Amino acid sequence: FHKKYFTLLGWLIVICTLVSIALLFIINAKTLLWGVALTGGVFVYLCTIHLIKMKWLLHKELVIGSIYTAGVLIGPLSVFEGSLSIGFFLCVAVFFLVALKNLLIFSLYDIGFDNHAGLSSVATILGTQPIRRLIAIISILIGCISISGYIYFEHLLFLILFLMAIPLFIIFRFSETLFCQLNFRYIGDAVFLMPVLFL
């Protein structure tokens with residue numbers, strides 16, 4: 001994917017970098033500090049993979065899911081004042097599970113390519129059936145926490161997270177179909193734009 005769209009992605013990185021530089025002058029200092037810390041963590045992670053060729057005990061899906069969740073949380077948490085509720089931590093847990101489920105499904109789709117290229121992922125290590133069971137368990141956890149959280153806390157965010165998990169379940173359940181095989185990346189990534197519909 002990255003090789004195919006290298007030029008487009010390169011220009012998008014340049015544009016995002018310029019916008020980010022402009023935002024440095026108006027962003028909250030605490031947000032900036034936390035962002036720099038997370039950027040440092042990402043840099044160390046990438047160095048261990050590409051330079052040191054280190055084999056991680058915690059696999060890339062788990063690490064990337066954690067980094068993505070932290071990146072989403074940095075903005076609101078850095079400007080939040082007050083105490084954090086149990087509902088907040090449950091929302092974070094569900095969001096992390098949605099991100100992890102997305103990454104595991106991608107690994108499942110890419111298992112043939114990864115095996116051929118000698119790349120490592122949770123799917124190549126565990127195999128197809130165990131990874132499918134793991135995704136199913138994560139789907140159940142997302143459903144149970146989201147529904148119970150929405151009922152108990154009456155917060156729309158739980159419903160949004162539940163709805164985000166549904167397209168992921170569809171591309172997981174129908175992974176044999178040509179439509180899902182051709183479009184799973186677009187569907188999987190578009191899931192994280194769904195909250196915009198509720199603004």
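Worth knowing before you read on, the calculation uses all heavy atoms, side chains too, and leaves out hydrogens, waters and symmetry mates. The shown structure was predicted, so the numbers you read here are calculated from the model rather than taken from an experiment.
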Starting from the C-alpha separation in whole Å, work towards a yes-or-no answer on side chain to side chain contact (heavy atoms under 4.5 Å, CB included) for I171 and C180.
-> CA-CA 6 Å; I171 60 174; C180 289; 4.2 Å; yes
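- Among residues two or more places apart in sequence or in another chain, the side chain to side chain donor-acceptor pair (under 3.5 Å) test is passed with S20 by none.
- Residues V191 and L197 share a single hydrophobic cluster, defined by chaining ILVMFWY side chains whose heavy atoms lie under 4.5 Å apart.
- Nearest heavy atom pair, residue G188 against residue N102, reads O-ND2, 2.8 Å.
- Of the possible donor and acceptor atoms, one in the side chain of N28 sits under 3.5 Å from a partner among the backbone N and O of T31.
- Of the possible polar contacts, none joining the E61 side chain to the S107 backbone as a donor-acceptor pair under 3.5 Å is found.
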In sequence, state the C-alpha distance, the side-chain angles, and the governing distance for L90 and F158, and then conclude on side chain to side chain contact (heavy atoms under 4.5 Å, CB included).
-> CA-CA 9 Å; L90 285 176; F158 284 104; 3.9 Å; yes
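- When hydrophobic clusters are built by joining Ile, Leu, Val, Met, Phe, Trp and Tyr residues whose side-chain heavy atoms come closer than 4.5 Å, directly or via intermediates, L100 is grouped together with F106.
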Taking it one step at a time, do R185 and D110 satisfy side chain to side chain contact (heavy atoms under 4.5 Å, CB included)?
-> CA-CA 11 Å; R185 289 190 188 278; D110 288 336; 2.6 Å; yes
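- K30 and S78 get closest at one heavy-atom pair: CD-O, 3.3 Å.
- Under the 4.5 Å side-chain heavy-atom criterion for grouping Ile, Leu, Val, Met, Phe, Trp and Tyr, V36 is not connected to I67 through any hydrophobic cluster.
- Ring planes of Y109 and F184: parallel class, angle under 30° (limits at 30 and 60°).
- Between the side chain of N183 and the main chain of F179, a donor-acceptor pair closer than 3.5 Å is present.
- Here the closest non-hydrogen pair linking E176 and R173 is OE1-O, 3.7 Å.
- Rounding to the nearest 0.5 angstrom, the gap separating the CG atom in L157 from the OG atom in S146 is 9.0 Å.
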Step by step, would you call L159 with L156 a side chain to side chain contact (heavy atoms under 4.5 Å, CB included)?
-> CA-CA 5 Å; L159 179 60; L156 182 62; 3.9 Å; yes
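- Counting non-hydrogen atoms of other residues, nucleotides and ligands closer than 6.0 Å to CZ of F80 gives a total above 12.
- The shortest distance between side-chain heavy atoms of I160 and L163 does not fall below 4.5 Å.
- Using a 4.5 Å heavy-atom threshold, the side chains of I64 and Y45 count as touching.
- Residues I74 and L32 do not share a hydrophobic cluster, defined by chaining ILVMFWY side chains whose heavy atoms lie under 4.5 Å apart.
- Closest heavy-atom contact between L161 and C91: CD1-O, 3.6 Å.
- Between I145 and L97 there is a side-chain heavy-atom pair separated by less than 4.5 Å.
- Using the six-membered ring where Trp is involved, F95 and Y68 have ring planes that are parallel, under 30° apart on the 30 and 60° scheme.
- Closest of all the heavy-atom pairs between A165 and I142 is CB-CG2, 3.7 Å.
- Contact record, F88 with L84: CE2-CD1, 3.8 Å, taken as the closest heavy-atom pair.
- Other residues, nucleotides and ligands contribute only 12 or fewer heavy atoms inside 6.0 Å of the CD1 atom of I86.
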Name each donor-acceptor pair under 3.5 Å that joins a side chain in residues 130-141 to protein atoms two or more places apart or in another chain, with its distance.
from: R132; atom 1: NH1; to: S175; atom 2: OG; distance (Å): 3.3
from: R132; atom 1: NH2; to: F172; atom 2: O; distance (Å): 3.4
from: S139; atom 1: OG; to: K101; atom 2: NZ; distance (Å): 2.9
from: S139; atom 1: OG; to: I135; atom 2: O; distance (Å): 2.8

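- L8 and V14 end up in different hydrophobic clusters when Ile, Leu, Val, Met, Phe, Trp and Tyr side chains are linked at under 4.5 Å.
- A 6.0 Å sphere centred on CZ of F192 holds more than 12 heavy atoms belonging to other residues, nucleotides or ligands.
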